[in-house]
Every structure is written in C-alpha cells, then in structure tokens.
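Written below as structure tokens is the structure these notes are about.
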Amino acid sequence: MTVAAGLGYVLIALGPALSLFASVIAKKPFLILTLLSSTLFWLISLIILAGAWRSFLPVKSTELWPYSILILTSVGFQEGIRIVFWRLFKKMEDMLNAFADRVSKPRLFLTDKMLLALAGGLGHALAHAVFFCLSLLTPAFGPATFYVDKCSNIPFFLISAIIALGFVIIHTFSMVIAFNGYNEGKRSDQIFVPFAHLIAALITLINLVPGGCNIGLPLLCIMAGTTLYYSWRLVWRRLTEHQTTRSSD
Amino acid sequence: MGPSRVFLAVPFLLIAVAPVYGLVNGADSTLESVPDLEKVMYLNVESYPCVRLLNLSGEIGCSNPGTDKISAPIVRLKSSTSPLARPSTVLLQSEQMQDFFLRVSTDPEFSKNIAGVLLEPSETVNMSSGFSPAEKFPQAAFAPYSNTSYEWNLPGSGIMWNRYDFPVFLLTKESTSTLKEVSETNEGSPENVAEFDLVMQTTKVGTHDSETCLKEQTCLPLGGYSVWSSLPPINISSVPTKPIILAVASLDSASFFRDRSLGADSPISGLIALLTAVDALSHVNHLKKLKKQFVFAAFTGEAWGYLGSRKFLQELDLGSDSVKGLDSSMIEQILEMGSVGKGLVESGTLFYAHAAGELSGTKGTLKALEDASESLGSDNVKVKKASTLNPGIPPSSLMPFLRKNTSTSGVVLGDFDSHFTNKFYHSHLDNASNIKTSSVAAAAALVARALYILANGDATLDLMALNDIKVNVSLVEELVGCFLTCEPGLSCELVRRYISPIYGDCPSHYVGVFQDTPSATEKPSYVDDTSRFLWNFLADMTSESRDGTGSCTGECGNVGDMCIGAEIEGGGKCVVSTTRYVPAYSTRLRYENNIWHVLPANPTDSMESVDPVWTESFWNTIGLRVYKVESALYDRLVLAGGVIVTFASYLAVVVTRTYLAKAIKRD
C-alpha cells in the first residue's frame, strides 16, 4: 500500500497519542520519564501474559468461547496489576512530596497528580499500540494490501489501526479515572475501568464473525468515546470541587 | 520490532486483532507472525520464464524492459482485438498464444500497453492443429541443399525467434487455477497485480548482441557436453583399423520457455531408442569378431546451431584428446535416430529412412534397415524410403556432416515422411503424452538389428545371433519416466544408479550455457545431469568390466579405465570402456584470458558464416508474484485521514487545556 498509506495508518493509530505528548507531556521532563517507565511496565505485563498463554495457542477451534477465556484472564491480570502500578505511583508521589518539603517548594497539586495519571495512561496506551498494531504495520509500507475473509470490505491494516486508536483512548483516560477512583476510594470509578476494558476487549470478538467488523469497530469507538466522556466529567468535577482547597498562585 | 516480540505478540494478536485469525484457507494455516502475513499477502507464483537470448545480429526472447520490476493489473485476453487501455498483465490461454505473439510483432499499437504475459498451460487435446513456436524449416541455413523454403514443420510460427520487450511466464496447473479466480474479480480497487522480476543483465548494461555481451561479460555462450562411446572399447594405443558405424542422436531441445523444453518426440524419443539399441547390442557376445566398430554419439546444442555435431567434427579434425581413438576417415556410415515416438500405424509401426550422401553407402544402410525389418517379422516394424519429392534430409545432426564432406553417407530414421508428424515441435507441449513407448521400442529393435547387419559387413549373417537381439521394453519405459516426466523425473532409480542428479525433479532438455573454462587437459567440471547420466550409462553398457576391483571415486588404478558411478554413495566401479565427453559450443568461439572471443568465420567452413553464435543473458533473480493493491486515491485518503486525526486531536487537547485553565482561574 505504499509508504503514504503506511504513514497514514501509523498516524491513525498514534495521532492522538502524539498530540497529547507534544502538547502536554513534552513540556515537563518528569512526565516524559513517567511515560517511559509506564510504557516499560505495561509492555512487561503483556510479555508475561504472552508467555503464560504461549503453550495454549494458537487456539484451534472456530468457536468464540476459548477466546473469551483468553480475554477474561488477560484483562483480569492487567487490571490486577493496575493496582500494583497505582501503589508504585503513590510511593513515587510520596517521595516527590517529601523532596518538595525538604527544599521548601510546594507539594504536588491536584492537576500535577492528574497529569501524572495521564502520562501513566498514555504509557499503557503506547505499550498496547506498539504490541498489537505497530508490529504488524511493516508490510503496510510495501506495495500490497490485505483483506481478511471475515471482513472483506475494510483493509486489514485499517481495521488494526482503528482498533489501536480505540484502545489508545481507552487506556489513556482509564488510568486517570482509575487513579482517581483509588485515591478517593470511589467504588464507581474503580469498577468502571475494569468493566470498560473488559467490554472493549470482548467487543473485538465480534470481529471474528463474518462481517462483524462493521459492527465491532463502531462499537469500539463508542466505548472509547464513553471512556473519554466519563473521564472528562470526572476531571471537571474534581477540578471545580478542589479549587477552593488549592493554595493560591 | 525484534522477532521475539513479534512472536510473543502472537497470543495478543488473537485478542485485539481477532480478524486475522479466521483468515486463511483451512484450519491448519493460521498466521503466526509477520513473515507469515507477508507470505499470504504476496503470492509467489510457480512459473517458467522465457529469457533473453542473443546472437550475432540481435536478440530474441523476453526481458523486463528496464532495470526494475514491473507490476501491472491482471486481465484476461478477450477475443475482441481492441488494444488495452492501460499497461496490463495479459492472461492468455495456450490456444490464443500464437495469434497473440504474431500480432505483438506486427502491431505496435497493440503491444504498447502489454506490461507482461502469463500463459495458462493446456492439454494438447485442445490444440488439434498443433502448436510450434519454431520456424517452418528449423535451421534452414545449415541445410546441404538449397531449397530452404520447404516446410518441414507445418504448424511452425516462428514466434520464439522474435524479440519481446516484456516478460512472459508459463504457469503451472496449480498456479493457473489461483490466477483464474484472481482475474475474474479484477476491476476497480483493490486490484490484483502481477509483479515480474525478469531483469536481464544484457538489458541493464545495454549489450544487444553476442559479441558485445561476451566482451562485457553479461552473457554466456550456449553449450554443454556431448557424449560418445564405442562398442566394444577401442584399444587406444593401437591404430584404429576397423571401419566405424556411427549411430547418433540429439539430446537437446528448445522451446519458448527455457525450463520447459522436454522435446519428447523431437529428439528424446530418438535418444531413448539409441540407448535401448546400445543395451540390446551390448549383449551380443562376438562383437570383437564383427568386421566393423560401433560408435554411439549423443550431441547436445543441436537446436542452437548444431553446436555438438559441429564441434565434434572440429575436434576430429584437430585430433583432440576428447576424440582420441577415432579417425574421421574411418567413419563409413552414419545412422541418425530422429524423432521416432509417433511411428504407430494400424498394423504396427512405420518409419521413414531419409538418406543423403554417397549412394553406395546409403544403399547399404537402407538394405540393412529392410533386412532388420524383415527379421522382426510378426512385430510388424516397417521402414520405407522417404519420398523423393523431399528436397533432402530433414533438419538433423547429419546436416553438418554432409556440409563438411559431401561424400559422407548417412541415413536419418524418423517417424515422418515429408513433414513432421510431431505437431508440437520445439514447444512446451512436446511431452510424454506426445509419444508412444511402443513406437520407441520398435525403432530401437529395428536400429539394433540394422546396426548389427551393417557391422557384419559382407560376411555371412548369423541369423540366430540376429534374432537374439531383443530390446528391453521396460528400459524404454524407465527412460521415458526419467527423461520426460516429473514423477519420477531424474530422481528415478535408473539415473540414481549412476549419478546424484543436481536437478532431481522435472527434467528439461534445454542445452543451457557453457559454464566451464574449456581446457585441453582438465576434466570437465560443469556437466549437466543428462550428459553425466549418458556418460555413465554408455560406459556401463559398452564396458568390459575388470573383476574384483574395489570402489572408486575418480581415477582408476589402470590407465584408460573409467570409474562409473563415482558420485553415488559407496563409490563406483572401474571398467574398461571408451566413453568420452566432447565439449559442445560454437566453433566460432575461443576462450582466452577469461573471456569468450568471437572469431571471424573460417572461410573453409561454410557453416561458420551462418552460425548465429547464441548466447544467454545473465540475470540476478527471476520471480513472479501476485498481490492486491489499493488505488493511489485510497493511499492518499488514508494519509490524509491520519493527518486529520492527529491535528484534530491536537486542537482538541489545546482547546481543553485552555478551557480547563480558564475555568480553574475563574473563581
């Protein structure tokens, strides 16, 4: 499909991530570090899952239920270590605050904490995009295109890029929601994130049905939009709530 | 992305990129890595190419027009003769091939948009009028008579002797069915294109005839190794005293596609008959008492300017080592095995003897053939003299012998009288289904007995010994299986007894290029499978074995002994035999200082001025693959989409950020 198309697919999958990076994260070196460490952490989680499932794959049946088990266990594992990730984050925040106290500088504001969560989420999103989409995209730079039998009207690489885009948005903003949920102890936030992840992952199973991608892709985009909206509502609420407790600039 | 990560990405491919999984044909061929994906995207098509050949005045054959690969969408040629709208790959059926190529050569408008041609193979049943890309009088310039417009090969169109500036490939049966599906749904986007890699070195460098390309080393001359053997073995140290009966056959063929030159009827049926006759004669136990000596020769390169026979004649003149023991003045009669695979008639088999040269000699050969036919009695193998209306002998290795010395006497035995019965002469369709083994076996029997009668001279004929000469029909069948079919092909048991074939499967009898550096002293190093098999087989058949020698892998203890089967596991055995390789390449070439030089034509040899001096271009790789492409518009749309998504999200982030900042500062 040529270099132009290959570049197009990369931009579709990672465009928003790039924009976020350029406009928010790049300005603060600490956020860049957070992003990189987060990417590494989540890549390792994916590798562990891949290793654990290696001997059971490829799944030889044409039914969907083996894949549901695969998805359930993987999503469960990732959500489980999200809590571990959060604890590591909390430790880091404590260290930063202690350092700030020592040099008589202000502690972390709420916006700082949210930005840190965003960087963490973006790292998770990048790990997903690289692992699931970018690694497949090399043939897209060559002259040929590819269509899957079960989805014969959309090129395979386009499907892949759109799915990656959906998950980038979901993972980035899920981290903001999740951290907030763990910090505040709010059940609804804490349950929303694993649910959203699980539902989004199960939606991709619809792609296994002939013609299913025409339903699956829009549904995934709706799920991404929902996560984005939920995150926006949460951020708005918290920022407006807490501005009175912020120290004045 | 290292390979380990790609592999580990596999299970997760199955989750998020689920469409991949249900993909390929059958449950067992799932995609497990990016290289698997690429293999499915780019379909390598099994096919046989037509390559670029050059002669002293120009080029023939096919090549990519430049230095790059060519890709063009695949379309089927419809019967309407409208020219193509844009550069396309034409998918042709065999029945359309002749008209198509004739049209390409005469109509430049039509050939303008032909990017490449793919030819579907077909059953010969569908081509009742025959198909031959050779000329109507193949190699007419070498004839010892002047009527060069006589049509020996009636279906001949001459299309393989034209130059085409686009690639042409012959498909196999399997690849045809895939391509048929592909071409059916080939309108709009995405389309299937064929990508041809047939870049010829001579095109790249710009050398367009044999002399320049040999100088620039972008090509090699055609040639190989002929084999001759004498029965019984000649004692080299003593001066040869017996007159020689020379029985010859050709071992090479030609076709539009270099790797699909089987030549079943012309000339391999003759070669098989000769080998079977050698086998039959080798069982005669009083060979040494016969008045005359047998020498059997198989010449290669005959389809490309009679390279083998002309070089053999030159070596005889020079008295080289390769023909040590032979004296050309002692060659009394020549019997050539032409195409003998289509001699079946209702009552039995019928062959024609085309005679030329000194009359008393040919009379003797014709009488011997008639007597042999009579002795075969109920087998009903008949032989007739060829019609006197023919201008002379058909295209055969006998032509150079006659041009050299008009008093040679020779007979060509064939299954045709005034025109070839082989309707697929020098085409990829001259395969095993074009001949009948019983006809070949009958020819072998006829020739074996005729040769015995000839060698007996004017002594009284031992009729019992004559009737004891019987051919081994299963040997004929085995040789047909080895030389003319893909199963077993050259991996057959008979061949494996003597050599380890380099190309074990589908045999091809195109002479190929002469890769060796000719040297009077060194043994040949690049001999092709067929010639190596012939050397070993003939050496075995004509040998007197030494008892009790161990295995050998090269040289033998006693001088003059030959090691047969040196390549096979466990080594070979040493025998007493006179079997030699004779190089076969144009007599106008000389190898000096690592380059082939074209010498000026020798005025005493009239054949040299008409020798085209064929060479074949070098190439890097030859490939054909098929894949889907999107239209250029689609590619641009995707890029635009990606850019829009990126910028839109950037704007969204900036707007959100300022909005949030403002909202927070508000209170």
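Per chain, numbering begins at 1; letters A, B, ... match sequence-line order.
With a threshold of 4.5 angstrom between heavy atoms, B/V653 approaches chain A through side-chain atoms but not through N, CA, C or O.
A/P143 approaches B/Y42 most closely through the heavy-atom pair CD-OH, 3.2 Å. In terms of heavy-atom proximity, B/M41 sits nearest to A/A144 at CE-O, 3.4 Å.
Note that the CG atom of B/L37 and the CZ atom of A/F157 stand 5.0 Å from one another [nearest 0.5 Å]. Residue A/W232 holds its CH2 atom at 6.0 Å from OG1 of B/T656, rounded to the nearest 0.5 Å. Distance check: B/D635 CG to A/L7 CG gives 11.5 Å after rounding to the nearest 0.5 Å. B/K628 contributes atom NZ, which lies 7.5 Å from atom OH of A/Y147 (distance to the nearest 0.5 angstrom). To the nearest 0.5 Å, atom CD of residue B/E38 and atom OG1 of residue A/T138 are 7.0 Å apart.
Judged by distance alone, with hydrogens and angles left aside, the side-chain atoms of B/R657 form a donor-acceptor pair with the main-chain N or O of A/S23 at under 3.5 Å.
Screening A/V10, A/L14, A/L11 for a side chain to side chain contact (heavy atoms under 4.5 Å, CB included) involving B/T646 leaves a single residue, A/L11.
Using a 4.5 Å heavy-atom threshold, the side chains of A/Y9 and B/L639 count as separate. Residues B/Y634 and A/L158 have side chains in contact (heavy-atom distance under 4.5 Å, counting atoms from C-beta outward). Using a 4.5 Å heavy-atom cutoff, the side chains of A/W236 and B/Y659 are in contact. Between B/V629 and A/T145, every side-chain heavy-atom pair lies at or beyond the 4.5 Å cut-off. Looking only at side-chain heavy atoms (C-beta outward), A/P139 and B/V34 come within less than 4.5 Å of each other.
Put simply, of A/G166, A/A17, A/P16, the one with the most heavy-atom pairs under 4.5 Å next to chain B is A/P16. The candidate from A/G8, A/S19, A/P210 with the greatest count of non-hydrogen atom pairs under 4.5 Å with chain B is A/S19.
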